[in-house]
Amino acid sequence: MKRTLLSLGNSTAVTLPPDLLERLGLHSGDTVEVEATEDGILIRPARALDPEFERALRAVVGRYGNTLRRLAAYDRGDE
C-alpha cells in the first residue's frame, strides 16, 4: 500500500487506513514503536511492560526517586 508523507508542525507523519488499524487493534493516540530496518521502516504496536515488572519499577522509583533525579542531574552536569 502506498501512503503519502504529510507535514505536521516540525515533523512528518504518515496516515494508516482504518482497516489496517482495526486489524492491528490500534486506535488514534496509541503508542507504536518505529524502527529503521535493512528493508525499510517497521511500525508495530508498542509492547506493554509486564505488570509485575511495572509494579517493581514503581516501587523502586517511589523509594529512590529523589536519588535517581539527583544522579540524572549530576550526569547532565546540572549539579
Residue list, side chain to side chain donor-acceptor pair (under 3.5 Å) with R70, at least two apart or on another chain: none

In short, side chain to side chain donor-acceptor pair (under 3.5 Å) pairs touching residues 33-54 with sequence neighbours left out are E33-R44, E33-R47, E35-R44, E54-R58

V61 with L49, same ILVMFWY side-chain cluster at under 4.5 Å: yes

Are L20 and V14 linked, directly or through other ILVMFWY residues, by side chains that come within less than 4.5 angstrom of each other? no

Within a reach of under 6.0 Å around CD1 of I41, are more than 12 heavy atoms found that belong to other residues, nucleotides or ligands? no

Indicate, with yes or no, if L21 and V34 share a hydrophobic cluster defined by side-chain heavy-atom contacts under 4.5 Å among Ile, Leu, Val, Met, Phe, Trp and Tyr. yes

If I take atom CG from residue L16 and atom CG from residue L24, how far apart are they, to the nearest 0.5 angstrom? 8.5 Å

How long is the gap from CZ on R3 to CG on L5, to the nearest 0.5 Å? 10.5 Å

Calculate, to the nearest 0.5 Å, the distance between atoms CG and OG1 belonging to L26 and T31 respectively. 10.0 Å

Which heavy atom in A13 sits nearest to a heavy atom in L8, and how many Å separate them? CB-CD2, 4.1 Å

Output the distance between atom CG (L68) and atom CG (D75), rounded to the nearest 0.5 Å. 12.0 Å

